[in-house]
Each structure stands twice: as structure tokens, then as C-alpha cells.
Amino acid sequence: MRKILIAAAIGAARYLPAQAPATHTLMPVPSAVAFTSDRLPLDSSFSVSIVAYRDARLEGAITRAVARLERRTAMPLPHQYGTDTAATVLIDVAGAGFAVPDVNEDESYSLDVTGAHAVLTAATVVGALHGLETLLQLQNADARGFYFEGARVHDAPRFKWRGLLVDVGRHFETVDAMKRTLDGMAVVKLNVLHWHLSEDQGFRVESMRFPRLQEMGSDGLYYTQAQIRDIVQYATDRGIRVVPEFDVPGHSTAWLVGYPDLASGPGPYSIARGWGTFPGTMDPTRQSTYDFLDAFIGEMATLFPDHYWHIGGDEVNPLQWKRSTAIQAWMKQNGIADEKGLQTAFNRRLFDILKAHGKVPVGWDEILEPDLPTDAVIQSWRSTKALLTAASLGHQGILSQPYYLDHINTAAEHYVADPLPSNTDLTPAQQALILGGEACMWGEYVTGETIDSRIWPRLAAIAERFWSPTTVTDVPDMYRRLEITSRRLAEVGTRQEGHTARMVREIAGGTDALTLDQLLDYARPKGFGNYGSDPLGANKHTTDQFSPHTRLIDAAQPDPWSGWHLLDRADRAVAGDSTAADSLRSDFARMIALQAALSATATRVPVAQEGLAVAAMLHALGALGNEALDVMAHPATGTAAWRLQADSTLRVARRSTGLLRPVGADAVRVLVDAAEKGLPPGTGTP
């Protein structure tokens, strides 16, 4: 009888293409959703029943979801899950899914929330985990109390590989940091943690077979095998696969510190402290190299059960290969024309080892050569073209090029990039080879204190691109929901909310901290590769592995909310919304006042001097914004000279300004363009 009731409820739902009222807060947007006027009360009578398959993973996920509801409602809720079909939430799961997390896992689910029940149906536990996250996003409250919004959802991801790379080689991240990252990933339905575990700056996993890897290559900062197993299980419990990356044959200095016989050139080697590429490279011509890797992979395979293994393969410095007479002689003897061919020969040997251990190789796009075995998955980081080329050659592919979080692009810039755009030239068969995408959090300029602010909340926007239909592209609506999602992420422990306030208190304290906090409402960091230099000639600063990362650039958020708020207000002001115009004038007044306030702070807090250039630019933008609003209201006051000066100010605003860059130039541009359209004849741009 239970099966008949649930099937009838699900069958009655009319699933529509992804759409919802303008006020919905779902992220990622489901593949099909229809909202209703129903509301399911969330009160002391709340209960959950598991009406079919159950296991510890499913029960654990339900317990975590109920605990979040308890914190939101301040009500104790039951943590025992029977089989009563009269419960508030009915969970109907057909089976466990794959014993080892798999790229082909069925992650779909259906959710029907009426005034009587919420019925969650899924083929696998992983699908149910995703459905629970959607149910949590449907929880709301008003004067009548807490409730779940009525909705009918039929959902499945667009791409099967939706990942995040976390680089712990350059800067080590704690077990707690990794776990809260996994918790955040689960909230937005990401399913792959690509764990970059070795680098020139550190080898981060305990090896019993080759202990000098961690003893000499990690500064004591590494994960024990027990910790690895714990994190992998933690991820599995949240429907997330863990794909390890041990980068070879380049980016391998930390390997060579303890085992210099692997190297193509003479040692000794020491851990790299700066950033870039280094000459230490494994020797592809010696059998001992492959014997070592075979034994190492065999040991690590017991820690990482996922079918995929990332070999790295990027940015291999060929200097040692070119200088070695033995390597050059071997290449000549084996008919290998150049160093690219040598790396491909290395990869083919490595792939055979991985295959013997039941692993599918993944590598960065440098490994792509015409004679590379097609079972290798290509991860494209240098261009989107590499992904298309890989697919045309029969390789499965993952796109990362537009999703580098350390480049400090805005959420909007990430959001509009698509692993498989609608205008692709790939055939349907080739399109099927695109597994999905991964965002990348490289570790040069992040520490445990700053990494959350660099990952979140922008990663949630990328997660929606990987999950939701191609029709979900509204950037302003994405930002509206992203701001809410950021608070939901903080609920599971991510630390991006309040990041700036915490750091500026450490930098300054007291009223000076308030000034810095206000400045960073309207300023964002420069991107990757620019941290260590300033083209304006001030604030020169370089970093290495020991840098504390407690400057204003570290305290700033990559994409402050003020950016999209200002742009939204500008659009509304141009459309005639006087309230939006008044709000803009308040913003501009704060931007103008920052210059004097920060100048005073800089006399007491030396680090504040880093913000003087951007404060001056914000002063100019605020003044220009007010002028544009004035000209919009009184076109006769506008002149050609004013427009010329406005264009000059906006051009300067888009350049790098010290270690920070201003937020608000896009909004002011909207106002200036609107003001010019209203100018009398003869007063436009000369």
C-alpha cells in the first residue's frame, strides 16, 4: 500500500522546465521544478520515515539535515526514523548505489512537497542526499511559523563530474578545513574532490613504503593514512568522490628531497619555497622510476578507492632531460624525437601501472598527444579549445580553464562560462565525452585563514553551471540567490561570512578596523600572479610559502556583494526608480568619505597604506556617480567635456590600483551611459 501511495503522489506531479517564482532561493536550480501554494508545517510534530532501503550513510545524512533544521527553528526534533507513512517527510530510496563511488552514479531524485507530506524518491542514496539539500532550501518561515514551500521537483545533474580541486601542496590545509569544504560542496551538490597532494613545495601523504616522502618533503605537514581514510569516508558519506593527484614527472621537487634517485639530474634537492616551475623532474628512462611508482601507487590505491587517479603532467620543465647525456642517448636509441615524446612515453608506462591497479588516468592538457591512449581523461586548464580537441580525439574531458578561483574573477564571470556551450561544433558522440568541470583552488596565495573566502560563495555559482539546465543563465538572479546560499553554506561551517571583519580586527582593531571593513565593502583583491607586484610602483610585495597572508588583499573578498547591489541599483535608477537613486547616492557618499578616513587610519596602521590608491579611486567613482545622477535629472548640465572626463575616470578605474581594485565602476558606467543619452544635441562625446 505504501508504494502505491507514494507512486501516486509522484505520478500526479506536473514537472515543468526549470522555472520558479522570482523569490525562489534554490541553488543549484533543479532541472524541473514547479512551485505550488501548499505549505507543509514544520513544528513539534515533525518526523521522518525511511520507507524502503536504508543504511548508515542515509541515516547519517538525515540526521545532519534534521540538526540543521533544529538550529534554524530552535526546536528539538526527533532523530529516530521509522517507517510510518504518516510522517512529515517520507524518504523512498531504491538502493545503495555503487559500493565504491562512481562517475556513473544515478544522482537523480524527485521531491513532492504538499500540505500533508514531503515525499523524496531516489534510485540511490546519493540521489537522496541531493534531495535532502533541496528540501532544506525549501524551508521558510513567516508570522505563522516555520514551513516547507510546496513544490514538485524532478532533478538530475547536467554533468556527471562536478568538482573542486584543492591544492594542499603549496599551503597545507588541516583536516578540519578539508571537512568543512566537503560539507559546503555537499550543500551545492558537487561530487568530486580533486585533492592535489604533491607539489614542489610539499608532499602531503604518509607513505609506509617510502617514508622519506613525508619525513623530508613536508615540513611535518602531511595527512596520516588514518586521516586520509577518515576524509575519504567523510566525503563518501556526503556523496563526494575523492580523486587524488600526485603530480609527475614535473612539479615533483618534494618527491626528490627524500628520493633523489628518481630525478633526472643530480641532487641534493630541497623543498621549494617560492612559486613557479622548477627543474627537478623524474627520470623517464630508468626502470627504477617505474618500480618506485608501481609500489607507491599500489600503497596509495588502498587509501583512495576511486577509480580515477590524477597524474598531473603539467608544466614539465625539460631542462634536466635536455642536459642529461644518458637521457638524450636513450631517446635517440628509442626513436623519441623530443621531450614531449619523452613525456608521452613516460605516460604510457605510467598508464599501464595505473591500469594494473584498477585506475583510470586523468591528466592536465599538456599530456594530450596524438598517440596518447584514449582511456586517459584530459583536464583542460590552458584553454577551452584543449577540451574540444581532446573530445575530437576520443578522450573524455573535464573543463577547468574558466573556473580558476585563485584568479579572483567574479561569480558572474565564472557563471557565464559553460563546459559545453550551445554553439559547440562537437558531434553528439563527442559531446558525450565531456564529463563536466572542476573549479580550481590553487594554494600559492591561500592559507587556512583565507581559503574559505576564496572558495565560497563563488563556487556555488560554478556548481549551478555544472548542475542546472543551460537555460538557467540570469546573472542578477544568480547573485540574489547566491547571497542567501552563502549564509546556508556558513550553516555547515564554511567561514567566508564575516571573513573581512575577522581579518581587519587582527590587522587594526577598534575604529580603525571599522574603516578598513568599510573600505573592503567597495574593494576586491587583484588576481593570481599580481599579488607580488604593483605596476603603479607602490606596495611592492612578494610572497613565498612562509608569508603570513594577513594584508588587506587577504582580508578583501573576491566578489563583494556591493558589486551586484550597485549594478542592480544603477539599472533600477536608470529605469526611473528614485529609491534606487537615493540608495546609490548613499553608497557614493560612503565611497567619497573613505579617502579621508583611510588616510587618517594609515597614520596609525601601516598596512592601511595598501588601500590609499583604491580609496582615491573610489572617491573619484563616487563623485562621478553623483554627477551622472545629476546629469540624468538635469540633462542641460551635461557637457562634452564632462563625458570626456567621465570616460577617462572609468578607464583608470579598470586598471590595477595597488593590490586592490575598486568595486562599482560597472554601475557608474551604466549611469554615465544613461546620462549621455539624455544630453541635448551637440553636448555628447566629441
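Every heavy atom of this structure was used, including side-chain atoms; hydrogens, water molecules and symmetry mates were not.
Met441 pairs in a side chain to side chain contact (heavy atoms under 4.5 Å, CB included) with only one of the listed residues (Ile451, Thr181, Leu165), which is Ile451.
Closest of all the heavy-atom pairs between Val663 and Leu618 is O-CD2, 3.8 Å.
For Thr450 (side chain) and Val446 (main-chain N/O), no donor-acceptor pair under 3.5 Å exists by modelled atom type. In this structure, Asp200 contributes its side chain and Ala272 its backbone to no donor-acceptor pair below 3.5 Å. A donor-acceptor contact shorter than 3.5 Å links the side chain of His24 to the backbone of Leu26. The main-chain N or O of Val29 is found under 3.5 Å from a side-chain atom of Glu464 such that the two form a donor-acceptor pair. Remark: the backbone N or O of Val168 is not paired with any side-chain donor or acceptor of Glu199 at under 3.5 angstrom. Remark: the backbone N or O of Gly658 is not paired with any side-chain donor or acceptor of Glu610 at under 3.5 angstrom. Side chain of Thr515 to backbone of Ala597: no donor-acceptor contact under 3.5 angstrom is found. With hydrogens and angles disregarded, a donor-acceptor distance shorter than 3.5 Å links the side chain of Ser562 to the backbone of Asp521. No donor-acceptor pair closer than 3.5 Å links the side chain of His310 to the backbone N or O of Trp195. Counting only distance, with no hydrogens or angles, the side chain of Ser583 and the backbone of Thr579 share a donor-acceptor pair below 3.5 Å.
Ion pairing between Arg502 and Glu449 fails under the 4.0 Å rule for side-chain N and carboxylate O. Salt-bridge formation is not detected for the pair Asp183/Arg180: no Lys NZ or Arg NE/NH1/NH2 atom is positioned less than 4.0 Å from an Asp or Glu carboxylate oxygen.
Counting only heavy atoms from C-beta outward, the side chains of Gln496 and Leu459 never approach each other to under 4.5 Å. Two residues are said to be in side-chain contact when any heavy atoms from C-beta on lie closer than 4.5 Å; Glu315 and Trp381 meet this criterion. Side chains of Leu197 and Phe304 form a contact here, defined as non-hydrogen atoms less than 4.5 Å apart. Here the side chains of Glu133 and Arg68 are in contact, with some heavy-atom distance below 4.5 Å. Between Glu444 and Thr543, every side-chain heavy-atom pair lies at or beyond the 4.5 Å cut-off.
The aromatic ring centres of His194 and Trp364 sit less than 6.0 Å apart. Ring pair Phe466/Tyr403: centre-to-centre distance below 6.0 Å.
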Test log, rule side chain to side chain contact (heavy atoms under 4.5 Å, CB included), inputs Arg454 and Leu405:
CA-CA 7 Å; Arg454 273 41 184 163; Leu405 296 169; 5.6 Å; no
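Note on ring orientation: taking the six-membered ring where Trp is involved, the planes of Tyr479 and Trp561 are perpendicular (angle over 60°, cut-offs 30° and 60°). Between His171 and His549, the two ring planes are perpendicular [angle over 60°; tilted spans 30° to 60°]. Note on ring orientation: taking the six-membered ring where Trp is involved, the planes of Trp275 and Tyr445 are perpendicular (angle over 60°, cut-offs 30° and 60°).
Side-chain contact check for Arg488 and Thr25: at least one donor-acceptor pair (N or O, by modelled atom type) lies under 3.5 Å. A donor and an acceptor atom, one from each side chain of Glu413 and His407, are nowhere located under 3.5 Å apart.
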